[in-house]
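Working notes, structure below.
Each chain gets a letter, A, B and so on, in the order its sequence line appears, and its residues count up from 1.
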2 protein chains.
Amino acid sequence: MLSDEEWFQMQQCFELFKFKKGDILLDTNAICNFIGFVDIGIIRFFEIKDGNEKVTAFWFPDDFLSNYRSFLSGTKSTHYIEALSDGSYWRLSKEDLWRLFDDYPKIDRLGRKMAEYLYLIVAERLDNLLKQSPEERYKSLINNNSRLLQQVPQYMIASYLGVSAETLSRIRKRIYTK
Amino acid sequence: MLSDEEWFQMQQCFELFKFKKGDILLDTNAICNFIGFVDIGIIRFFEIKDGNEKVTAFWFPDDFLSNYRSFLSGTKSTHYIEALSDGSYWRLSKEDLWRLFDDYPKIDRLGRKMAEYLYLIVAERLDNLLKQSPEERYKSLINNNSRLLQQVPQYMIASYLGVSAETLSRIRKRIYTK
DNA sequence: ATAGTTTCTTGACGTTCGTCAAGAATATTG
DNA sequence: CAATATTCTTGACGAACGTCAAGAAACTAT
């Protein structure tokens, strides 16, 4: 889809960032001025409401990584991006991306595909949250996202599903004892 | 942002569709092959789960109108698009849009802006759903979307907020009697 | 105006959830 | 291996929600 020249120009702009478990890759109130892709490691995207963590997303290798809302709108992040393990990610600054979009129409189109793809992910998550019960959401996770269950603490998954840690523990008990 | 020529080409592709209250503009299991913009009227986007309606969105004049998930992914719609009043909307077929994207890079870029904008809307809605209580969500609606309260039946708003009609009735009682 | 339809409210009751607290299980570190 | 920290489970209890059913209120249409 892209020519060699276009790929080269894009690759030139990506920079590898290493991180340690617990590192904050984006703090609240900062404006997210980059997008990235996970190289190695696990990352979570969450906010804090009344002292409670609300996890919006987990990211694994090859996943898109950004506070895309803050990135697009230029508003301060309400969320943290935090490393759940050691690892690294490829980073592209907003400045460079805008320049690539201006200089190369095909990269601009790639940006459209990216936005469309990210729309699909979040729209599907919204739909599931509206129509499924917590138990159904957990079962979906078992079928579609089992690596998450193995590599992320359960209380974070609970938050991702929109329930308390205790409730998820009881959901699991319900499921696995019948 | 677009030249006269580009605007003209786009306008050529839009077609006005009239509808009556209760009309189904997109049925479940159909593939959404258009995007549109509301000209006149009110429209809702909803699905049915276990006999219950789950409203995902309401659209007013100038709002973007499509099952964008079905449109982008080419999968069958799980939702209905239904007219809540008489009205009309401007419609652009997928075929024409793809052609416009191919022929005019600036329209392609406009498509990126559109996808980005729609991402922001759904991402914010997801965030609110994860972090706010039903009562908080209703209060947000009062402040940010009051025309919705005046022009849409309350039981549909309840569904949009993710609660039963009775619960919203009780939330309103809680709020307005103290 | 009146009859019919739709929408909203209220009460009763059972279920699920959140919170707090304690302890068990698991993982990490020295 | 022992000590510590983290995560998970369980119980008890109260709050919020869903459902069913009945009636009130608002809206439509003739």
Side-chain angles (χ1 to χ4, degrees), chain A residues 20-23 41-42 44 46-55 58 82-86 128-139 141-142 147-178, chain B residues 20-23 41-42 44 46-55 58 82-86 128-142 146-178:
Chain A
K20 293 283 181 191
K21 178 175 180 175
D23 282 359
I42 306 175
R44 70 164 171 162
F46 74 102
E47 65 191 313
I48 294 185
K49 167 87 186 295
D50 301 333
N52 289 94
E53 298 173 352
K54 306 283 178 181
V55 179
F58 298 100
E82 182 199 35
L84 296 181
S85 69
D86 294 358
N128 289 342
L129 211 59
L130 278 175
K131 108 174 137 183
Q132 295 183 325
S133 67
E135 180 166 331
E136 288 171 320
R137 294 201 286 276
Y138 182 70
K139 284 177 177 166
L141 220 59
I142 295 173
R147 67 175 170 178
L148 216 151
L149 305 182
Q150 290 148 12
Q151 299 183 48
V152 169
Q154 202 168 290
Y155 72 91
M156 293 185 188
I157 293 172
S159 169
Y160 177 76
L161 295 174
V163 296
S164 69
E166 295 92 334
T167 293
L168 178 55
S169 178
R170 291 183 178 110
I171 287 172
R172 283 164 49 84
K173 194 177 178 183
R174 280 208 300 268
I175 293 177
Y176 293 120
T177 58
K178 58 179 180 185
Chain B
K20 293 282 181 192
K21 177 175 180 174
D23 282 359
I42 305 175
R44 71 165 170 161
F46 73 103
E47 65 191 312
I48 294 184
K49 167 88 185 292
D50 301 333
N52 289 95
E53 298 174 351
K54 305 284 177 181
V55 179
F58 298 101
E82 182 199 34
L84 297 181
S85 69
D86 293 359
N128 289 342
L129 212 59
L130 278 175
K131 107 174 137 183
Q132 294 183 325
S133 68
E135 180 167 332
E136 288 172 320
R137 293 200 286 275
Y138 182 71
K139 285 177 176 168
S140 300
L141 220 59
I142 295 174
S146 56
R147 68 176 170 179
L148 216 151
L149 304 181
Q150 289 148 14
Q151 300 183 48
V152 170
Q154 202 167 291
Y155 73 90
M156 292 186 189
I157 293 172
S159 170
Y160 178 75
L161 295 175
V163 296
S164 70
E166 295 92 335
T167 292
L168 178 55
S169 178
R170 292 183 177 110
I171 286 172
R172 283 164 49 84
K173 194 177 178 185
R174 279 209 299 268
I175 291 177
Y176 293 120
T177 58
K178 58 179 179 185

### Message
I need the OH-C1' distance between B:Tyr155 and D:dA26, as an integer number of Å.
### Response
14 Å
#### Entry: Value rounded to 0.5 Å, distance of CG in B:Leu148 from CD1 in B:Ile142
12.0 Å
### Query
Are B:Arg170 and B:Glu166 close enough for a salt bridge, meaning some N to O gap below 4.0 Å?
no
### Message
Just the rounded figure in Å: distance from P of D:dA16 to NZ of B:Lys173.
### Response
14 Å
### Message
Does D:dG18 have its OP1 or OP2 closer than 4.0 Å to a side-chain nitrogen or oxygen of B:Ser164?
### Response
yes
Pull out every protein N or O sitting under 3.5 Å from an N or O of nucleotides 28-30 of chain C, one pair per line with the distance.
none

### Below 4.0 Å: OP1/OP2 of C:dG18 and any side-chain N or O of A:Thr167
yes
### Summary
Whole-Å distance, A:Ile157 CD1 to D:dT9 P, equals 11 Å
### Task
Test for a donor-acceptor pair under 3.5 Å between the base of D:dG18 and the side chain of B:Arg170, counting only N and O atoms.
no
### Task
Go through the structure and list residues passing side-chain contact (heavy atoms from CB on, under 4.5 Å) with B:Phe46, not counting sequence neighbours.
B:Arg44, B:Ile48, B:Glu53, B:Val55, B:Tyr80, B:Glu82
### Distance-only polar pair, side chains of A:Tyr160 and A:Arg137, donor-acceptor under 3.5 Å
no
### Task
Kindly indicate whether the side chain of A:Glu166 and the base of C:dC20 share any N or O donor-acceptor pair separated by less than 3.5 Å?
yes
### For atom CG of A:Leu168 and atom C1' of D:dC8, their distance in whole Å
10 Å
### Message
Whole angstroms only, please: what is the CZ-P distance between A:Arg174 and C:dT15?
### Response
12 Å
### Task
Mind calculating the distance between CD (A:Gln154) and P (C:dA27) to the nearest angstrom?
12 Å
